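Read through the structure below, which is laid out as structure tokens, and then see the notes.
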Protein chains: 2
Amino acid sequence: MSDDKLLDAIIAQTKLTKKQTDKQQKIVETAIKLFAEKGYANTSTSEIAKAAMVAEGTIFRHYGTKDNLLLSVILPFIKDSIPTMAEEVFTEIMSKNVGCFEDFLRALLKNRLHFINENREIFQIVVKELLYNDELRKELLPFFADNILHRITKVINTYKDRGELIDIPSHTIQRMIFTLIGGYFVSRFVLQLDNCDIDEEAEIENLIRFIMDGLRKQ
Amino acid sequence: MSDDKLLDAIIAQTKLTKKQTDKQQKIVETAIKLFAEKGYANTSTSEIAKAAMVAEGTIFRHYGTKDNLLLSVILPFIKDSIPTMAEEVFTEIMSKNVGCFEDFLRALLKNRLHFINENREIFQIVVKELLYNDELRKELLPFFADNILHRITKVINTYKDRGELIDIPSHTIQRMIFTLIGGYFVSRFVLQLDNCDIDEEAEIENLIRFIMDGLRKQ
DNA sequence: ATAATAAGTGAGTAATTACTCACTTATTAT
DNA sequence: ATAATAAGTGAGTAATTACTCACTTATTAT
């Protein structure tokens, strides 16, 4: 509870006041780069200061603690982008294509792919710290669940009612889609396993085909 | 090259000589526990020493560096268990059930589930460090590829020849299976997202059904 | 123009880090 | 039994860590 207040305060400050100094911006920029590259625990504040060409004290003037810097990097991204995006995505996709589930899936996948492509580094940080940092995981996972998963479940239910989807629990379906798409993004953007010989469009279509119809012939 | 020699030496030493001291065993045990819990970077050697009730010097007597301790924990597990297991799994599974691909998948999944269940902590360490530690990733990923993936590709090709599987590139199929099963294991054993309301047997069957036939009704 | 506030600095600090080394104690080979 | 070797110790060390604080410089409000 008190934690949430603090975090909300950080976000409010970062968003509302808006007047980030040049140095402040440089610090966050550099922190994102280094955290993504080497992980939070392997990046020292002195390293960030040097790379951002700023006195180490400046970091602590603005962010107080190293932990706070991480949160200032991650949380605005999460708490701002995700829900807004989610809202946008789901309403837009659902209204535009009243088409089949496959079309919904394709739109969702392309949208997310584009989004993560634009935010590779923060995605890398979030994934790494989600595994490494217990506190952060406990903070973020429920947030994901509340904002993303229940929306997907809704959509799945809609299509299930239309008789387009098989009859297993919605949250199981949602979980498998999430695992597959999430796994695809992680292997591509975090592990950077490049599948160089196949183009992206084809890869997406393969993924969708797999999700829709599985591996069995016919 | 020189790295590989060193690592092989570590493994040879740990395996062949076999005469691990009580203290040595305690150190490795404790390191596994702490690395799994808090991650390598967040665990200090003094912490390990204290928890293992050993002088800090003893750790360095045996392992030389902290990095080496990590390798001594991970590599014997990887380089020993994985190939042996893989061999075992693939020959056994393939000879016993000359059945359909679904049966192969079921056997593989259950086998791996059992294996990881028995080695939760090391699995946690490997996954975490695979994302966090560039060096280790570069060392391990090719090893995985050589030992596991090409075997799966072989099996997939067999079943493709029998006309049981759809006609997309084998390595794409293999990658999607790996992503899905890997993602399932990670979400379960590392993120520890518990799906408390469904029993394991049913969950596995859902997973297999999804892989085989996808989400589309009929 | 001036006062008040915020931004920025960098030397300094206590704590912690991985690691060493001279030494003692246990184990093994003879 | 004795010598040789390996295992174990813990005080010590240089480097690094996150963070502080007295101070200077820039920005804003009046």
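To find a chain, count down the sequence lines: A is the first, B the second, and so on, and within it residues start at 1. These numbers come from a predicted model, not from an experiment.
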(message) Can you tell whether the side chains of A:Glu205 and A:Arg106 come within less than 4.0 Å, N to carboxylate O?
(response) yes
(message) Exactly one of B:Leu109, B:Leu180, B:Asn206 should register a side chain to side chain contact (heavy atoms under 4.5 Å, CB included) with B:Ile211. Which one does?
(response) B:Leu180
Rounded to whole Å, how long is the line connecting atom [atom1] of [X] with atom [atom2] of [N]?
{"X": "B:Ile48", "N": "C:dA18", "atom1": "CD1", "atom2": "P", "result": "8 Å"}
{"X": "B:Asn42", "N": "C:dT17", "atom1": "CG", "atom2": "C1'", "result": "13 Å"}
{"X": "A:Glu56", "N": "D:dT16", "atom1": "CD", "atom2": "P", "result": "13 Å"}
{"X": "B:Gln20", "N": "D:dG8", "atom1": "CD", "atom2": "C1'", "result": "16 Å"}
{"X": "B:Arg61", "N": "C:dT25", "atom1": "CZ", "atom2": "P", "result": "15 Å"}
{"X": "B:Lys66", "N": "D:dT16", "atom1": "NZ", "atom2": "P", "result": "16 Å"}
{"X": "B:Met53", "N": "D:dT9", "atom1": "CE", "atom2": "P", "result": "11 Å"}
{"X": "B:Ile27", "N": "D:dT9", "atom1": "CD1", "atom2": "P", "result": "8 Å"}

Give the nucleotide from the list [options] with an atom nearest to the side chain of [X].
{"X": "B:Phe60", "options": "C:dG8, D:dA18, C:dC19", "value": "C:dC19"}
{"X": "A:His62", "options": "D:dG10, C:dT9, C:dG8", "value": "C:dG8"}
{"X": "A:Thr21", "options": "D:dA18, C:dG8, D:dA7", "value": "C:dG8"}
{"X": "A:Ala55", "options": "D:dC19, C:dT9, D:dT9", "value": "C:dT9"}
{"X": "A:Thr45", "options": "D:dA18, C:dT9, C:dA18", "value": "D:dA18"}

Has [X] got a side-chain N or O lying under 4.0 Å from the OP1 or OP2 atom of [N]?
{"X": "A:Thr58", "N": "C:dT9", "answer": "yes"}
{"X": "A:Ser46", "N": "D:dT17", "answer": "yes"}
{"X": "B:Lys23", "N": "D:dT9", "answer": "yes"}

(request) Work out which heavy atom in A:Glu47 is nearest to a heavy atom in A:Asn42; give both atom names and the distance. (result) OE1-O, 3.9 Å
(request) Of all the heavy-atom pairs spanning A:Arg137 and A:Leu130, show the shortest one and how long it is. (result) NH1-O, 2.8 Å
(message) So B:Tyr40 and B:Ile125, do their side chains get closer than 4.5 Å, heavy atoms only?
(response) no
(request) Would you mind reporting whether B:Leu113 and B:Glu200 have side-chain heavy atoms less than 4.5 Å apart? (result) yes
Nucleotide opposite [N] in a Watson-Crick or G-U pair, distances under 3.5 Å:
{"N": "D:dT16", "result": "C:dA15"}
{"N": "D:dG10", "result": "C:dC21"}
{"N": "C:dA3", "result": "D:dT28"}

(request) Using a 4.0 Å heavy-atom cut-off across all strands, classify A:Ser44 as base, sugar-phosphate, or nothing. (result)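 The residue A:Ser44 makes sugar-phosphate contact but no base contact.
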(request) Would you mind telling me which residue lines up with the more 5' stretch of DNA chain C, A:Gly57 or B:Asp67, judged by nearest nucleotide? (result) A:Gly57
